[in-house]
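Worksheet for the structure shown next.
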Amino acid sequence: MALESRITQEEIKKEPEKPIDREKTCPLLLRVFTTNSGRHHRVDEFARGNVPSSELQIYTWMDATLKELTSLVKEVYPEARKKGTHFSFAIVYPDPRGKVLKDIGSTVSGRKGADDSMTLQSQRFQIGDYLDIAITPPNRAPPLSTRMRPF
């Protein structure tokens with residue numbers, strides 16, 4: 001019988017994060033995959049050593065916030081700089097049954113939000129995991145999560 005941990009977002013946020021000295025700590029290579037469709041990549045696109053072609057490599061630290069990562073992505077993709085552009089973040093990590101995609105938060109260009117200060121460390125990101133970012137232009141509403149049930 002398998003046991004499953006049920007940790008709420010509030011419990012994750014309550015854990016004290018160790019401060020990272022960016023002068024003394026070596027950054028990690030964060031492999032980021034983006035889409036402009038407003039939807040995350042399918043999990044099977046990460047299967048068997050394959051990855052989507054839209055890879056962006058960022059050197060950063062575990063205390064990087066979603067807002068900080070948003071600004072780094074906007075430097076590379078000028079079309080994402082428009083005010084109101086929605087960025088939805090998910091971690092892709094290995095599991096005994098394959099890869100798992102876990103939504104961790106979102107930001108909106110030009111607006112403050114509840115997830116802006118969320119860090120990779122607070123979401124249990126581990127070195128070697130991927131970050132998938134679904135970018136939605138401001139003239140389109142972000143799609144409902146495919147994990148939500150219509151009832």
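Atoms considered below: every heavy atom in the structure, side chains included; atoms not considered: hydrogens, waters and symmetry mates. All of these numbers come straight from a predicted model, not from anything done at the bench. Numbering of residues begins at 1 and proceeds along the displayed sequence.
- For the atom pair Asp21 CG and Asp63 CG, the distance stands at 10.0 Å (nearest 0.5 Å).
- In this structure, the separation between CG on Leu28 and CD1 on Ile58 is 10.0 Å, given to the nearest 0.5 Å.
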Practice item. Under the side chain to side chain contact (heavy atoms under 4.5 Å, CB included) rule, what do Val73 and Ile135 come out as? Steps first, then yes or no, please. Key: CA-CA 10 Å; Val73 170; Ile135 302 171; 4.0 Å; yes

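- When atom types are taken as modelled, the side chain of Trp61 and the backbone of Thr25 share a donor-acceptor pair closer than 3.5 angstrom.
- Residues Leu131 and Leu29 do not share a hydrophobic cluster, clusters being chains of Ile/Leu/Val/Met/Phe/Trp/Tyr side chains in contact below 4.5 Å.
- Counting heavy atoms from C-beta outward, Tyr77 and Leu56 have side chains that approach closer than 4.5 Å.
- Side chain of Lys67 to backbone of Ser109: no donor-acceptor contact under 3.5 angstrom is found.
- Residues Asp116 and Lys112 come closest through the heavy atom pair OD2-CA, 3.4 Å.
- Of the listed residues (Thr107, Asp132, Val32, Asp103), just one forms a side-chain contact (heavy atoms from CB on, under 4.5 Å) with Phe89, and that residue is Thr107.
- Salt-bridge formation is detected for the pair Arg22/Glu68: a Lys NZ or Arg NE/NH1/NH2 atom is positioned less than 4.0 Å from an Asp or Glu carboxylate oxygen.
- To the nearest 0.5 Å, the span separating OG on Ser53 from NE2 on His41 amounts to 7.0 Å.
- Leu72 contributes atom CG, which lies 9.5 Å from atom CG of Leu30 (distance to the nearest 0.5 angstrom).
- No chain of hydrophobic side-chain contacts below 4.5 Å, direct or via other Ile, Leu, Val, Met, Phe, Trp or Tyr residues, connects Tyr59 to Leu69.
- With Thr85 contributing its side chain and Arg81 its backbone, the two residues share no donor-acceptor pair below 3.5 Å.
- For the atom pair CZ (Phe33) and OG1 (Thr35), the distance works out to 12.5 Å, reported to the nearest 0.5 Å.
- When side chains are defined from C-beta on, Met62 does not count as touching Thr119, because their heavy atoms never get closer than 4.5 Å.
- The environment of CD in Gln126 is sparse: at most 12 heavy-atom neighbours from other residues, nucleotides or ligands sit within 6.0 Å.
- Looking at every heavy atom in both residues, Glu55 comes nearest to Gln57 through OE2-NE2, 3.2 Å.
- Closest heavy-atom contact between Ser88 and Ser106: CA-CB, 4.1 Å.
- For Lys99, the side chain to side chain contact (heavy atoms under 4.5 Å, CB included) test picks out Val43, Phe46, Val92, Pro94, Tyr130, with sequence neighbours left out.
- Under a 3.5 Å cut-off, the side chain of Lys102 and the backbone N or O of Tyr93 do not form any donor-acceptor pair.
- The shortest side-chain heavy-atom distance between Phe125 and Ile104 does not fall under the 4.5 Å cut-off.
- Summarising the geometry, atom CG belonging to Asp44 is positioned 11.0 Å from atom CG belonging to Leu101; distances are rounded to the nearest 0.5 Å.
- At a threshold of 4.0 Å, the pair Arg124-Asp129 does not count as salt-bridged, since none of the basic side-chain nitrogens sits closer than that to a carboxylate oxygen.
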